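Below is one structure, written out as structure tokens, with a few remarks after it.
Residue numbers run from 1 in the order of the sequence given. The basis for the numbers below is simple: all heavy atoms, side chains too, and nothing from hydrogens, waters or symmetry mates. Note that the coordinates shown come from a computational prediction; the quantities given were computed from them, not determined experimentally.
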Amino acid sequence: MTGEEALDWFRKMSLIRRFEERAEEAYGQGKIGGFLHLYIGEEAVAVGAMAALRAEDDVITHYRDHGYVLARGIEPKRVMAELYGKATGMSKGKGGSMHMADVGRHLWGGYAIVGGHIPLATGLALAIRYRNLPNVVACFFGEGATNSGSFFSGLNLAAVWKLPLIAIVENNRYGMGTAFERVSAVGDVYRKASAFDIPGVQIDGNDVLAVRDAVHRMAERSRAGGGPQLIEAITYRLRGHSMGDPQRYRTREEVEEAKARDPIARWRRTVQENDLAAEDEMRRIRDEVDAEVEEAVRFAENSPAPDPSELYNNVLVPE
């Protein structure tokens with residue numbers, strides 16, 4: 001890891017955090033409609049994973065997807081405009097918070113059905129093997145999805161066919177308002193990899209470097225013909241399941257304790273303790289991020305709404 005990489009990861013995690021804080025404000029003001037699932041507290045997973053993947057690797061994820069989109073390098077203006085439902089958004093305002101995609105960046109979108117995208121990831125990996133490409137598919141989902149049939153069927157086929165699929169389980173402890181230990185007979189998700197006879201590891205998902213290293217190691221093994229791999233990244237969401245969540249299932253003390261392990265503050269300390277960057281550099285980055293996010297908000301608010309005729313476009317693939 002270089003000082004440049006360390007600052008880049010700090011910038012991206014800070015961008016995701018500030019972007020989501022402003023999205024939270026806009027939602028409260030009624031400027032963003034529908035559902036809004038915030039990624040605050042989990043930024044190290046997306047940033048670390050994207051740092052390990054190649055530009056041509058495929059990425060597919062769940063509905064808490066803003067962090068992955070920004071970490072993949074999508075302009076914040078386009079992401080915020082999509083949240084606002086504007087024509088300048090990533091999906092012309094049609095996808096909203098949960099369905100952000102950019103085919104040019106091999107970003108195949110967020111999916112609202114829990115675990116529903118895992119078989120799609122298996123299909124993407126099959127296409128890679130069929131075309132004999134040196135790529136992998138990174139499929140992100142929460143720990144709750146590992147109790148679904150799509151998890152078992154998707155990973156089973158990927159294992160049978162030795163497909164280049166990296167299953168990255170973002171374990172934030174709660175599936176909506178239910179603690180994971182109440183609904184899973186197996187407490188450690190990485191142990192479920194044994195059902196498919198594939199490698200599985202558990203890592204600290206609040207350590208961006210640990211995530212980068214684990215994803216890189218697993219991806220290279222999979223590229224070399226090692227088949228699917230599973231990573232359980234232990235993290236914590238510092239906001240509710242969605243904006244309407246009263247969070248009665250956990251105490252304030254628990255959340256405050258989790259804040260002490262905040263991945264951004266933790267990485268800032270790591271950078272400083274290892275003399276990878278000066279304090280004024282990091283302060284400058286935060287100021288730049290603040291300005292970039294404010295510009296994204298202005299862009300979204302000043303962008304036009306989609307023309308009603310857009311309802312009929314992109315419904316069917318043209319012949």
Quick check: are there more than 12 heavy atoms from other residues, nucleotides or ligands sitting under 6.0 Å from [atom1] of [X]?
{"X": "Q29", "atom1": "CD", "answer": "yes"}
{"X": "F35", "atom1": "CZ", "answer": "no"}
{"X": "D287", "atom1": "CG", "answer": "yes"}
{"X": "L133", "atom1": "CG", "answer": "yes"}
{"X": "H99", "atom1": "NE2", "answer": "yes"}

Main-chain N/O of [Y] paired with [X] side-chain donor or acceptor, under 3.5 Å:
{"X": "D188", "Y": "Y190", "result": "no"}
{"X": "S184", "Y": "V186", "result": "yes"}
{"X": "T122", "Y": "G154", "result": "yes"}
{"X": "H117", "Y": "G109", "result": "no"}
{"X": "Q229", "Y": "P199", "result": "no"}
{"X": "Q202", "Y": "E232", "result": "no"}
{"X": "D57", "Y": "L53", "result": "no"}
{"X": "W267", "Y": "A6", "result": "yes"}
{"X": "N274", "Y": "L276", "result": "no"}
{"X": "K86", "Y": "P304", "result": "no"}

[X]-[Y] side chain donor-acceptor pair, cut-off 3.5 Å:
{"X": "K94", "Y": "N313", "value": "no"}
{"X": "H62", "Y": "E170", "value": "yes"}
{"X": "E56", "Y": "H106", "value": "no"}
{"X": "S303", "Y": "K77", "value": "no"}
{"X": "Y236", "Y": "E42", "value": "no"}
{"X": "R250", "Y": "Q247", "value": "yes"}

Within a strict 4.5 Å, meaning less than it, do heavy atoms of the [X] and [Y] side chains meet?
{"X": "V201", "Y": "M218", "answer": "yes"}
{"X": "R268", "Y": "R286", "answer": "yes"}
{"X": "V103", "Y": "L107", "answer": "no"}
{"X": "R284", "Y": "D280", "answer": "no"}
{"X": "T178", "Y": "Y249", "answer": "no"}
{"X": "R283", "Y": "E279", "answer": "yes"}
{"X": "F19", "Y": "L70", "answer": "yes"}
{"X": "V59", "Y": "F140", "answer": "yes"}

List the steps, then state whether ring pair (Phe, Tyr, Trp, His ring centres under 6.0 Å) holds for F151 with F196. CA-CA 11 Å; F151 169 77; F196 318 108; 5.6 Å; yes

Among the clusters formed by ILVMFWY side chains lying less than 4.5 Å apart, do V293 and F299 turn up in the same one?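 In one cluster with V293: F299, no.
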
Applying a strict under-4.5 Å side-chain criterion to I, L, V, M, F, W and Y, I'd like to know whether V215 and L230 cluster together.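 No, V215 and L230 fall in different hydrophobic clusters.
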
Against E43, only a single residue in R64, R11, R237, R17 fulfils salt bridge (Lys or Arg N to Asp or Glu O under 4.0 Å); can you say which?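 That would be R17; it is the only one of R64, R11, R237, R17 passing the salt bridge (Lys or Arg N to Asp or Glu O under 4.0 Å) with E43.
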
For [X] and [Y], work out which heavy atoms get closest and say how close.
{"X": "A121", "Y": "I60", "value": "CB-CG2, 3.7 Å"}
{"X": "L7", "Y": "E281", "value": "CD1-OE2, 3.6 Å"}
{"X": "G85", "Y": "P306", "value": "O-CD, 3.1 Å"}
{"X": "L83", "Y": "A23", "value": "CD1-CB, 3.9 Å"}
{"X": "A125", "Y": "L163", "value": "CB-CB, 3.8 Å"}
{"X": "A44", "Y": "P263", "value": "CB-CB, 3.8 Å"}

Start with the C-alpha gap between V297 and Y84, add the side-chain angles, then the distance that decides, and say whether side-chain contact (heavy atoms from CB on, under 4.5 Å) holds. CA-CA 9 Å; V297 172; Y84 272 68; 3.9 Å; yes

I264/S14 under side-chain contact (heavy atoms from CB on, under 4.5 Å): CA gap, chis, key distance, verdict: CA-CA 7 Å; I264 301 176; S14 299; 4.0 Å; yes

With a 4.0 Å cut-off, would you call [X] and [Y] a salt bridge?
{"X": "K12", "Y": "D8", "result": "yes"}
{"X": "R72", "Y": "D102", "result": "no"}
{"X": "E301", "Y": "R298", "result": "no"}
{"X": "E75", "Y": "R78", "result": "no"}
{"X": "D204", "Y": "R266", "result": "yes"}

Using the side chain to side chain contact (heavy atoms under 4.5 Å, CB included) definition, which of the options E292, E294, E295 pairs with P76?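 Running side chain to side chain contact (heavy atoms under 4.5 Å, CB included) over E292, E294, E295 with P76 returns exactly one hit, E292.
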
Nearest 0.5 Å, what's the [atom1]-[atom2] distance between [X] and [Y]?
{"X": "I40", "Y": "R18", "atom1": "CD1", "atom2": "CZ", "value": "9.5 Å"}
{"X": "R217", "Y": "I166", "atom1": "CZ", "atom2": "CD1", "value": "11.0 Å"}
{"X": "L126", "Y": "R131", "atom1": "CG", "atom2": "CZ", "value": "10.0 Å"}
{"X": "D290", "Y": "E21", "atom1": "CG", "atom2": "CD", "value": "8.5 Å"}
{"X": "D262", "Y": "N206", "atom1": "CG", "atom2": "CG", "value": "7.5 Å"}

Evaluate V136 against L165 for side-chain contact (heavy atoms from CB on, under 4.5 Å), listing each step before the verdict. CA-CA 6 Å; V136 299; L165 173 65; over 6 Å; no

If the plane angle is over 60° it's perpendicular, under 30° parallel, otherwise tilted; pick one for H37 and Y63.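 Tilted.
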
Just checking [X] against [Y], ring centres under 6.0 Å apart?
{"X": "H66", "Y": "Y39", "value": "no"}
{"X": "Y174", "Y": "F180", "value": "no"}
{"X": "F141", "Y": "Y111", "value": "no"}

Start with the C-alpha gap between L124 and I128, add the side-chain angles, then the distance that decides, and say whether side-chain contact (heavy atoms from CB on, under 4.5 Å) holds. CA-CA 6 Å; L124 287 167; I128 287 173; 5.6 Å; no

Check the pair T235 / N172 against side-chain hydrogen bond (donor to acceptor under 3.5 Å, both in side chains), numbers first and verdict last. CA-CA 5 Å; T235 184; N172 61 23; over 6 Å; no

